Amino acid sequence: MLLRRRALTGPVLLLLFLCVCYMSWNRSKPQSGSQRGSAESLLDTRRLISALESAHKDAQRPPLHHRAVVLIGQLPVWDTEVQLYQQVLQQMDYEVQMSRYAETRSFLWMQPGKQVNGWSLLLCLSSAEQSCLRRISFSLLQQDHMVNLIPGLVKAFSDAGGGFCHFLTLSQQTGVSVSEAELPMRPRSCGSTSWKRLLYKDRCVSVKQVRLMRFSSSSAPVLSIPLIFVSSGDLTAVFSDRSSPVDVLSPALVAMVNVYVLVTSVSPLTAFLHDVGVVVQSQQRQGRPLKIRDFLLQQLGASDSHQALRQLKEVLGEVLQAASNSEMLEATPRCLLCFQLLTFTLLFRGSISPVIVQVDTKLNFSSLSNTTFDRQITRDQILEDVLHFLLAPPTYLSSAAQVGSCRGTRPICLSQGHFLFLQRFLQQLQTPFPFHLLYPRISSSSSSAPLSLSELQQQIVFLLQKDRAEDVNISTNKEPASSKQGSVCVDPHLRQIYTEPPLALTPPFSPRIKEYSAQVTFDTVLVRIRPKPVSSTCKVHLDEQQGPRLANYPVGLGTSRIRILVTGGSQQHLVVMAIYTIHVLREGRPILPMLGDHVMCSFLQDCSLLVQPSLPCGLQPYAMSPSPVKTCSSGRAPGRWVVPCLSCSDNRTCDWREVAWQPDGCYHPLVKRPLLQDCMTDRKVLFIGDSTNRGMMYFLMERLNSSLEDWGKAHNTLIYQNLNKGRSQVSYSYYPQFWMERSQRPAFREVLLQLLDRSGPLVNSNLTVLVVGGVQWLKTKHLKTIQEVLDRKSLRNVLVVVKSLGMGFHLPMDGIRSLTLTEVQALFRQNLEIISTAEKLGFEVIDTLSITMGRHKEFLQGRCACHFHEVTSVGHLSVLDQTEKSDVPKSQPRMNLDLGEIAVVWFSPNRFFMGHHCPVLHKHGIHLRSQYSNS
């Protein structure tokens, strides 16, 4: 695709020697008769087009591999921009080498008199740009070297101080006007002191003070304000200024538009405009990526939109021409294949002719939303278009290439470099990509003098436009064939998977690979994901066919699975055509074994979620009681988490396997299985609630039977009669049925009555235990309903254990309710009301909200971030089995926890059983390992 030196030998060099520059030829040969007319000049240009096309058809095939060097600076290798370059270049048979900076690659260093070999394409990403400008000698580049920088252009639009563009300042210093007319741009449009930073300082500027007009290079800057802070009425006043450069006003056209320009040459100036821009209209805080033509058509209609697009191109071309004519660019060594991407921010203020208020020498998408990944998606789309536009199809000369004819009175005779320049230009005009010619402008005029390269370009464009019979604004792209395929998903692959925070996928993302893994730290509790399909006719859904295309995923401890479905067909009949899967492994808390001296630390709540703002957060020094303490008399005894650490100021120095819940002034004794089995004889335990209550039931069943034979995500009523060798019974009913319409859900009273009836016969004593609770559905009215139903059933003496509220729904999730910090704090107050009401009714309470709020990050899989339990495969000892075999003093109960496990066990006092000398088991959040996670 790029020029190869060995392809320009033999006959081509001889032909170049014979074909002297046509300007010298015309100086030595007198004109015959009258000067040749315009028609004859266009005929010569048409012959040149034929020669250029013939040379392309006869071009040699490129070598199988080239070397591309991508300097990524500070970007990680898994950044989507880095991956984009690697994927596209490898598809084009490039050997891609990644490096940080130019200083780390010796083959990039250039010295006079030495050829530079070993690479043909150099891409300097934003954080490595200065390294390239320092280290790369552009004057020593060969004609087959391509670099994504034009140093003179970067310098021209750099900040010369106070935001003034350097090329304007230079023209003032030299006394040379950059343009005969005023430039349609604000002088302070370059560098860090851009219009945005200046404007955001004061949002209360009077409308009468706001004017943004065309500026000459000597104009004083005038303060403006950003559109997004101005009311629609104010905008009318601000943007209806009659000093508009074009006396055509369109009140509807009030917007800030970022457009993206690709400059492929400075001498002669050659630039292309990408058809996608970013539009911010009045009363909008975020921009939208839109096709420029479509936006103008929507705002102005067919006739005025063409004129507005022409004005837009003239404004951009005028400023680019002024910058390219500056002294700094004229002194810059010419690089045949270098290119530069620029971002122009244009202000439309009721006129179809915009004013330039900002110029960036890199892509700028700051007005796009970052939460929806529009920035990354639009950036990657434009960068990929640039690579395909510049690198394909390749340009090579064959040994028989005709570069011109020096015969006749007005020959077109080109040097090798000029011929190759025009050949690439013609290829770009005929390449079906979303770029439109911005400069040079179309012209059919000619004179007797030899045509310059720029004039030849203009005539080539004019002839192509004439042949295509298109409108006067030539479009250099034809719609890709894929866009004419209708709604058929013909390429069911993903272009990229965007995530926040960025996931380092293994293997690196490729559209053809469907299975990936990634690992995140303990503090990463949420991943936002948006897949992007290759074809716009294909749709993507997360997890299920009707799932969203963008969503937040809670990342529980252990491995979470994210499925991405690529679908085709109609909305009513979706067909899954491909499935991508990401397995995300979230690390547990760090573990640092205590081999020497350590201190005990405690905590009530995490500093990232202040449930009780008046109390301290994070690790605090903790003094252990040296004397034995009494057993706790209630399951709601206040307490705190205790963990050994080297320092309480750094939670990374703790042994989190030894973390334990420590009630204040008492302890919950642990009960061995034989005693528990004896206590549970002839008892019936009824559970009613959501999946957290179901987890408590499974824990009790596993403790009684030593294993769990039957478990699952049941959402109905279950009865287990084979527990404890048939001496105990456990039953369960799911409530509430959140998946049903609220009007269709069974009432709590109805579900409770059904559970009591199916669990009967029941004894009106503490041999019947009712455990009720869930994450956050429980209200005081449910407790009163329990009392009413038990009275009605003559079961007033049964033991009622209330599991209070718990942490969950505290992450910003899509599709389910999410609590703000204020709502979480209100939840704590609601929990106190539930505890108080339960105690007044004579119920026992386990305060699970106080237990879970300090470790809210240690949830397992599930969208609610409320599950702290799962089921373990047979063969593993349960947490309590391991504890029974350890020498842990009863006064200081300890639980050895696996990575990310949270286990809390309470044993209530003997009085709960009215003469039976055994405790009741209270459990929340036991980590019973399995794939069970959702409600």
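Remember, it's a predicted structure, so these values are computed and weren't measured experimentally.
- The closest donor-acceptor contact from the side chain of Ser367 to the backbone of Val279 lies at 3.5 Å or more, if one exists at all.
- The side-chain heavy atoms of His66 and Leu121, taken from C-beta on, include no pair separated by under 4.5 Å.
- Scanning all heavy atoms of the two residues, the minimum distance from Phe365 to Thr378 falls at CE2-CG2, 3.7 Å.
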- [ ] Apply side-chain contact (heavy atoms from CB on, under 4.5 Å) to Lys313 and His436, showing your working.
- [x] CA-CA 10 Å; Lys313 290 182 177 181; His436 305 267; 4.1 Å; yes

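- The shortest side-chain heavy-atom distance between Gln423 and Gln427 falls under the 4.5 Å cut-off.
- With Arg424 contributing its side chain and Leu390 its backbone, the two residues share a donor-acceptor pair below 3.5 Å.
- Side-chain N or O atoms of Arg100 include one that pairs as donor or acceptor with a backbone N or O of Leu75 at under 3.5 Å.
- Checked by atom type and distance alone, the side chain of Thr343 pairs as donor or acceptor with a backbone atom of Asn364 at under 3.5 Å.
- From Gln87, atom CD reaches atom CG of Leu387 across 11.5 Å, with rounding to the nearest 0.5 Å.
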TODO: Using the side-chain contact (heavy atoms from CB on, under 4.5 Å) rule, take Leu438 and Leu320 through it: C-alpha gap first, then chi angles, then the decisive distance, then the call.
DONE: CA-CA 10 Å; Leu438 178 62; Leu320 283 172; 3.8 Å; yes

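- Partners of Tyr85 under the side chain to side chain donor-acceptor pair (under 3.5 Å) rule, at least two apart in sequence or in another chain, do not exist in this structure.
- Residues Asn148 and Cys124 approach most closely at OD1-N, 2.9 Å, considering heavy atoms.
- Between Val82 and Val77, the shortest heavy-atom contact is CG1-O, 3.7 Å.
- The closest donor-acceptor contact from the side chain of Arg186 to the backbone of Val355 lies at 3.5 Å or more, if one exists at all.
- Side-chain atoms of Thr361 and Gln340 include no donor-acceptor pair closer than 3.5 Å.
- Annotation: side chain of Leu309 is in contact with side chain of Arg293 (closest heavy-atom distance under 4.5 Å).
- Counting only N and O atoms by type, the side chains of Thr80 and Arg379 include a donor and acceptor under 3.5 Å apart.
- For Arg135 (side chain) and Glu103 (main-chain N/O), no donor-acceptor pair under 3.5 Å exists by modelled atom type.
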Open item on the list: For a side-chain contact (heavy atoms from CB on, under 4.5 Å) check, start with the C-alpha distance between Arg530 and Glu500, then their side-chain angles and the critical distance, and finish with the verdict.
Closed with: CA-CA 9 Å; Arg530 180 180 176 182; Glu500 179 58 40; over 6 Å; no

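- Using a 4.5 Å heavy-atom threshold, the side chains of Thr264 and Phe425 count as separate.
- Under the 4.5 Å side-chain criterion, counting only non-hydrogen atoms from C-beta, Leu363 is in contact with Leu383.
- Shortest non-hydrogen contact noted between Thr345 and Met256 is CG2-CG, 3.7 Å.
- Not less than 6.0 angstrom separates the ring centroid of Phe272 from the ring centroid of Phe339.
- The main-chain N or O of Trp119 is found under 3.5 Å from a side-chain atom of His145 such that the two form a donor-acceptor pair.
- Here the straight-line distance linking atom CD1 of Ile292 with atom CG of Leu346 works out to 8.0 Å at 0.5 Å rounding.
- In this structure, the side chains of Leu141 and Cys338 come closer than 4.5 Å at one or more pairs of heavy atoms.
- Around the CD atom of Gln90, the shell of radius 6.0 Å holds more than 12 heavy atoms that belong to other residues, nucleotides or ligands.
- Ring-plane geometry between Phe167 and Phe157 is classed as perpendicular, the angle between the planes exceeding 60 degrees on a 0 to 90 degree scale with a lower cut at 30.
- A distance of 8.0 Å separates OG of Ser366 from CG of Asp360, quoted to the nearest 0.5 Å.
- Distance OG/Ser127 to CG/Leu71: 9.5 Å, rounded to 0.5 Å.
- When all heavy atoms are compared, the tightest approach of Tyr94 to Arg67 is CD2-C, 4.1 Å.
- When all heavy atoms of Gln457 and Leu422 are compared, the pair lying nearest together is CG-CD2, 3.9 Å.
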TODO: For the pair Lys532 and Asp380, evaluate side-chain contact (heavy atoms from CB on, under 4.5 Å) and give the outcome as yes or no after the intermediate values.
DONE: CA-CA 11 Å; Lys532 182 69 175 177; Asp380 290 356; over 6 Å; no

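- Ser324 places no side-chain N or O within donor-acceptor distance of the main-chain N or O of Leu269, the cut-off being under 3.5 Å.
- Although no hydrogens or angles enter the test, the distance criterion places no donor-acceptor pair under 3.5 Å between the side chain of Arg495 and the main chain of Pro511.
- Taken from SG in Cys165 to CZ in Arg188, the straight-line distance is 11.0 Å, to the nearest 0.5 Å.
- The CZ atom of Phe421 sits 3.5 Å away from atom OG1 of Thr270, with the distance rounded to the nearest 0.5 Å.
- With a 4.5 Å cut-off on side-chain heavy atoms, Gln286 and Asp374 do not count as touching.
- The shortest distance between side-chain heavy atoms of Val276 and Asp385 does not fall below 4.5 Å.
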